[in-house]
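So that the names make sense, note that chain A is the first sequence line, chain B the second, and so on, each numbered from 1.
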There are 2 protein chains.
Amino acid sequence: MNKKTMISMAVIRRLPKYHRYLGELLNNDITRISSKELSERIGFTASQIRQDLNCFGDFGQQGYGYNVRELYDEISKILGLTRTYTTVIIGAGNIGQAVANYSKFEKLGFELKGIFDKNPKLIGIKIRDIEVKDVDDLSEFLEKNKIDIGIICVPRTQAQGIADIFVKKGIKAIWNFAPTDLNVPEDVIVENVHLSESLLTLSYRLNEAKLFGEE
Amino acid sequence: MNKKTMISMAVIRRLPKYHRYLGELLNNDITRISSKELSERIGFTASQIRQDLNCFGDFGQQGYGYNVRELYDEISKILGLTRTYTTVIIGAGNIGQAVANYSKFEKLGFELKGIFDKNPKLIGIKIRDIEVKDVDDLSEFLEKNKIDIGIICVPRTQAQGIADIFVKKGIKAIWNFAPTDLNVPEDVIVENVHLSESLLTLSYRLNEAKLFGEE
DNA sequence: ATAAATATGTTAATATATAAACATTTATGT
DNA sequence: ACATAAATGTTTATATATTAACATATTTAT
């Protein structure tokens, strides 16, 4: 039974993992799977899997389990992967180029429409057949091209300025790789990738034993 | 009062953010801060901030608040930033190079000791004065050099193989950029950076309204 | 010097997330 | 065809995380 209530972030963040594991099952020609089997592979409890999926519909069948293809398609739909998205990357440095070259995103339906930078040395070079443009031309570009997702790969100090341009030009989703928190209106979605935070979490855990043990 | 109990991941993942915000306060020559003020900047509740910090010690003073410098140093210590870490990157492609060139990590004490790849076109090139070595020489390198953190930037299919080498050679912390879950013993820490999952979360949220609204 | 304001660490209450239990349905095997 | 096993969706219980409340201590202002 569908629930119209808000889905929690905890559930949302598990969805891509379901999508990935189901894709692998498909590749291995496995046609059906139970929550118990999936549980053993993916590492969530079977109960959690059933509850998560039930937020969106009754995809399984008692006594049988889930049809892999069907469930994969449903989750693709839930994740919004049945359409394409246009994107721009601001910042053609290391991370910007890495993201631009990540071919997987294209396969998932994310089309890179433009790359911008302010460094004259980078403006004009080509990344995947896309010429890096001057960031001064970003506003005009966004007026002429409907862009769904803005990707910020500039240094911390310039990130908010880019975000402001995005917001002004009506972009509703920002993927932010700059190590800062962006200030945007409520209706704009920001997804952060904070590499330093990830690394510091790792170093914390590497030291945790010492932290409490040696006193 | 110190609590010897396990710190939850929810708390751990907030620590780097405290570190970042306190660093900014220091840069702005702010010497003291209350949980209330910090709350307004960082976006957590004041209550949560006090509880989080109290997992590790009594760093504040009633009526005064927290000394910024002192608290920053304490959190640095908690995060394990008072020592340096040696690292290797496996995979000199886009992401590997991006991580290698991220100068911030060096400032935080993460020293890149080696970069490895299996692509003959990449072996021999220099990234930040470090010559990319053949991944076949990785095991030997790890025997001769004490490495704290192994960074995996290879394609999905090769990631587990690299992780196995890491484990075999005694590495206890893995930073994994490959879009797969690694199988490692309990005493080895894995921190994942799954860019696709982050992007799919964004696309989900961008579509959430439509998902429930149009039926 | 005293009163009011500030702000902590800690305890209690609430909210959220996860796991277990269960009634019901379907599939499977004899 | 029938009994047993499998596995769902859902409800209930437990655990975890967050927020609010409060007693106590320090600072600041008069």
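The neighbour count for Glu106(B) CD, taken as heavy atoms of other residues, nucleotides or ligands under 6.0 Å away, does not exceed 12.
At least one donor-acceptor pair under 3.5 Å links the side chain of Tyr85(B) to the backbone N or O of Gly80(B).
For the pair Arg32(A) CZ and dA7(D) P, the computed distance is 6 Å after rounding to whole Å. For the pair Asp58(A) CG and dT11(D) P, the interatomic distance rounds to 12 Å; values are reported in whole Å. In this structure, Leu38(A) atom CG and dA7(D) atom C1' are separated by 13 Å, rounded to whole Å. Distance CD1 (Ile49(A)) to P (dT10(D)): 17 Å, rounded to an integer number of Å. Rounded to an integer number of Å, the gap from CD1 of Ile12(A) to C1' of dT16(C) is 14 Å. The distance from atom CZ of Phe59(B) to atom C1' of dT26(D) is 19 Å, rounded to the nearest whole Å. Whole-Å rounding puts the Ile33(B) CD1 to dA7(C) P distance at 10 Å.
Under the ring-ring contact (aromatic ring centres under 6.0 Å, His included) test applied with Tyr18(A), the options Tyr72(A), Phe56(A), Phe44(A) reduce to a single match, Phe44(A).
The residues Lys17(B) and Asp52(B) are annotated as not salt-bridged, no charged nitrogen and carboxylate oxygen being separated by less than 4.0 angstrom. Salt bridge Glu191(B)/Arg205(A): present, at least one basic N to carboxylate O contact under 4.0 Å. For the pair Lys168(B) and Asp164(B), the salt-bridge criterion is not met [side-chain N within less than 4.0 Å of a carboxylate O].
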* Go along nucleotides 12-20 of chain D 5' to 3' and tag each nucleotide: B for a protein heavy atom under 4.0 Å from its base, S when only backbone or sugar atoms are that close, - otherwise. => -----SBBB
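When every heavy atom of Asp117(A) is checked against every heavy atom of Gly93(A), the shortest pair comes out as OD2-N, 3.9 Å.
Using cut-offs of 30° and 60° for the angle between ring planes, the Phe105(A) and Tyr102(A) rings count as parallel.
Residues from residues 60-79 of chain A placing a heavy atom under 4.0 Å of any atom in DNA chain C, listed by number, are Gln61(A), Gln62(A), Gly63(A), Tyr64(A).
In this model, the phosphate group of dT8(C) is not approached by any side-chain N or O of Asn54(B) to a distance below 4.0 Å at OP1 or OP2.
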* Asked: Should Glu111(B) and Arg128(B) be marked as a salt bridge (Lys or Arg N to Asp or Glu O under 4.0 Å) after you check the CA-CA gap, both sets of side-chain angles, and the distance that decides it?
  -> CA-CA 12 Å; Glu111(B) 291 172 10; Arg128(B) 290 187 134 222; over 6 Å; no
